[in-house]
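See structure below.
What's counted below: heavy atoms across the whole structure, side chains too, no hydrogens, waters or symmetry copies.
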Amino acid sequence: MTAYLLSDGRQITGALSVRFGQQARGGGRWIEQPAAKYECLVCETTEQVVGAEAVTRFAQTIRTRHPATCPGHPASTTTRKAA
């Protein structure tokens, strides 16, 4: 799969989805843990994390961290290996 090309020339290269979870009243234990998932349209990799702190860190860094190591990504610092 490749990036999704927009009419103005920009590309959508990945999708980040976040579930915010559900916490018990009063901010106690989690009934449903927060979770995040990133799906790369270039290399077809999926990365997932669970937990409030992990989701916060993941959402803050995935947009720069993944493209730097993704073979074939326009912003990649690595090169794609020949098949």
Side-chain angles (χ1 to χ4, degrees):
M1 183 176 272
T2 60
Y4 182 79
L5 187 60
L6 299 173
S7 61
D8 63 1
R10 293 179 300 153
Q11 298 178 16
I12 297 175
T13 57
L16 174 64
S17 59
V18 177
R19 283 194 336 249
F20 296 106
Q22 183 178 1
Q23 205 167 17
R25 291 185 191 263
R29 64 181 177 83
W30 287 97
I31 297 168
E32 179 187 355
Q33 287 285 325
K37 177 170 69 171
Y38 178 79
E39 298 176 81
C40 179
L41 299 175
V42 177
C43 69
E44 299 181 5
T45 297
T46 299
E47 298 182 46
Q48 301 179 67
V49 295
V50 176
E53 290 181 19
V55 168
T56 300
R57 283 191 309 272
F58 185 77
Q60 290 172 341
T61 62
I62 192 65
R63 289 179 56 193
T64 55
R65 186 174 49 81
H66 182 78
T69 60
C70 174
H73 192 282
S76 177
T77 58
T78 62
T79 56
R80 182 179 293 233
K81 294 181 180 179

Kindly give the heavy-atom pair with the smallest separation between G14 and Y38, and that separation in Å. CA-OH, 3.6 Å
Reported CD-to-CD distance for the pair E44 and E39, which is rounded to 0.5 angstrom: 10.5 Å
Min side-chain heavy-atom separation T13-L41 under 4.5 Å: no
Going only through I, L, V, M, F, W and Y residues with side-chain contacts under 4.5 Å, is there a path from V50 to V18? no
What residue pairs, at least two apart or across chains, pass salt bridge (charged side-chain N to carboxylate O under 4.0 Å, His left out) with a residue in residues 4-23? D8-R10, R19-E32
I need the K37 NZ to I62 CD1 distance, nearest 0.5 Å. 13.0 Å
Report yes if some heavy atom in the side chain of L16 is under 4.5 Å from a heavy atom in the side chain of F58; otherwise report no. yes
How close do Q11 and L5 get, counting heavy atoms only, and between which atoms? CG-CD1, 4.0 Å
Residues 51-66 vs side-chain hydrogen bond (donor to acceptor under 3.5 Å, both in side chains), sequence neighbours excluded, gives E47-R65, E47-H66
Nearest heavy-atom neighbours spanning P71 and C43: O-CB, 4.4 Å
